[in-house]
2 protein chains.
Amino acid sequence: MIVTIDPSSFEPVYLQLARILRDAIEAGEFGPGEKLPSETRLCQQYELGRDAVRDALQVLRSEGAIVTVKGAGSFVRGQSAPEVVRLPENARVTSRMPTADERRSLGVGEGVPVFVVTVGETARVYPADRTVLETSGG
Amino acid sequence: MIVTIDPSSFEPVYLQLARILRDAIEAGEFGPGEKLPSETRLCQQYELGRDAVRDALQVLRSEGAIVTVKGAGSFVRGQSAPEVVRLPENARVTSRMPTADERRSLGVGEGVPVFVVTVGETARVYPADRTVLETSGG
DNA sequence: CCCCATTTGTCCGTATGTATC
DNA sequence: CGATACATACGGACAAATGGG
């Protein structure tokens with residue numbers, strides 16, 4: 001099936017493209033680790049300017065759906081095997097986006113939140129793409 | 001103290017500006033709900049093009065630090081009073097970024113992750129900016 | 001090792017639409 | 001209504017990283 005962009009739609013073209021690519025990824029047309037078409041290719045294929053294409057990819061990055069490497073391309077983010085963390089009693093859990101510094105120190109890409117697990121006055125931070133929290137089982 | 005942009009630095013100017021604004025927010029120079037200078041003003045003040053300023057604001061949005069309203073400006077995101085959710089036993093907790101559709105239905109802005117709490121085969125989604133998860137206390 | 005084509009990153013400019021005030 | 005402000009979208013240019021030869 002061929003999906004096209006409608007420049008006269010109320011939906012911005014960059015969101016249309018983001019939706020098209022997101023659906024294609026979810027449908028398995030691009031598997032984990034697979035490379036998406038280049039920005040230039042997407043510009044030609046959908047008859048869009050580079051801004052629209054880049055904005056669409058930015059949307060997918062901030063959703064954690066793809067990872068972009070300079071000089072190489074954009075790739076579907078494969079889900080890594082998560083570490084299971086057992087939550088102790090009296091633990092408080094929040095989640096937020098890391099700052100750029102935290103992303104570097106934790107080694108996580110864009111669009112990946114972090115868990116903050118606080119027990120007493122001790123807080124630990126976990127990358128949410130590699131962590132599953134579990135409560136104790138009955 | 002006056003902080004300036006160094007166009008000859010290896011650090012991209014838009015990241016320099018993002019860092020300057022982030023530090024200013026954390027230092028309390030812009031309180032919760034307060035409006036940042038307009039994009040045009042930032043362009044003049046730091047002698048940058050519009051892209052650089054917009055990219056810097058995009059960084060802060062995806063970190064959940066600010067909220068931008070069309071026609072009005074960008075505002076420091078105030079932390080809302082969180083709802084405390086008690087985690088049951090045998091619960092699994094993950095966190096990820098919502099898609100654009102999920103953001104609309106949950107009423108959350110950019111840069112806000114969601115909790116996914118799964119018990120058995122039932123999954124519930126909570127906005128992470130208004131939710132704190134707690135394990136049972138001993 | 002260098003060369004080169006490809007690809008993304010950064011930065012600028014302009015224009016138009018739309019929402020807020 | 002006008003002025004301000006952000007959103008979208010096009011274009012060009014050069015820098016920097018990658019990967020193949």
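Every chain is numbered from 1 and lettered A, B, ... according to where its sequence line falls, protein lines coming before strand lines.
- When rounded to the nearest whole Å, the span between CZ of Arg61(A) and P of dT7(C) equals 16 Å.
- Shown are Leu42(A), Ile5(A), Ile25(A); of these, the side-chain contact (heavy atoms from CB on, under 4.5 Å) with Ile20(A) is made only by Ile5(A).
- Residues from residues 13-26 of chain A placing a heavy atom under 4.0 Å of any atom in DNA chain D, listed by number, are Val13(A), Tyr14(A).
- Comparing Glu39(A) and Phe10(A) along DNA chain C, the residue whose closest nucleotide (by nearest heavy atom) sits nearer the 5' end is Glu39(A).
- If you check the side chains of Ser136(B) and Arg86(B), you find no donor sitting under 3.5 Å from an acceptor.
- Atom CG in Leu15(A) sits 8.5 Å away from atom CG in Asp55(A) (nearest 0.5 Å).
- Note on Gly71(A): a base of the nucleic acid sits closer than 4.0 angstrom, heavy atoms only.
- Side-chain atoms of Ser8(A) and Asp6(A) include a donor-acceptor pair closer than 3.5 Å.
- Rounded to an integer number of Å, the gap from Lys70(A) NZ to dA15(D) P is 12 Å.
- Computed from coordinates, the Tyr46(A) OH to dA9(D) P distance equals 16 Å when rounded to whole Å.
- Looking at which nucleotide of DNA chain D each of Pro7(A) and Ala72(A) is closest to, the 5′-most match is held by Pro7(A).
- Counting to the nearest Å, the C1' atom of dA5(D) and the CZ atom of Phe75(B) are 10 Å from each other.
- Side chain of Ala52(B), nearest nucleotide from dA16(D), dC21(C), dC12(C): dC12(C).
- In this structure, CD of Gln58(A) is placed 15 Å from C1' of dA7(D), rounded to the nearest angstrom.
- A side-chain donor-acceptor contact under 3.5 Å links Arg61(B) and Gln58(B).
- Going from atom CG of Leu42(A) over to atom C1' of dT7(C) covers 12 Å, rounded to whole Å.
- In the set dA7(D), dT18(D), dT10(C), dT10(C) carries the atom at the smallest distance from any side-chain atom of Arg54(A).
- No donor-acceptor pair under 3.5 Å is formed between the side chain of Ser74(B) and the backbone N or O of Val67(B).
- Within the 4.5 Å cutoff, the side chain of Val93(B) has no heavy atoms near those of the Glu134(A) side chain.
- Between Glu47(B) atom CD and dC11(C) atom P there is a gap of 14 Å when expressed in whole angstrom units.
- At the phosphate of dG13(C), neither OP1 nor OP2 sits under 4.0 Å from any side-chain N or O atom of Arg50(B).
- Per the geometry, CD belonging to Gln44(B) stands 12 Å off P belonging to dG13(C), to the nearest Å.
- With DNA chain C read from its 5' end, the first of the two nearest nucleotides for Pro12(B) and Asp51(A) is the one closest to Pro12(B).
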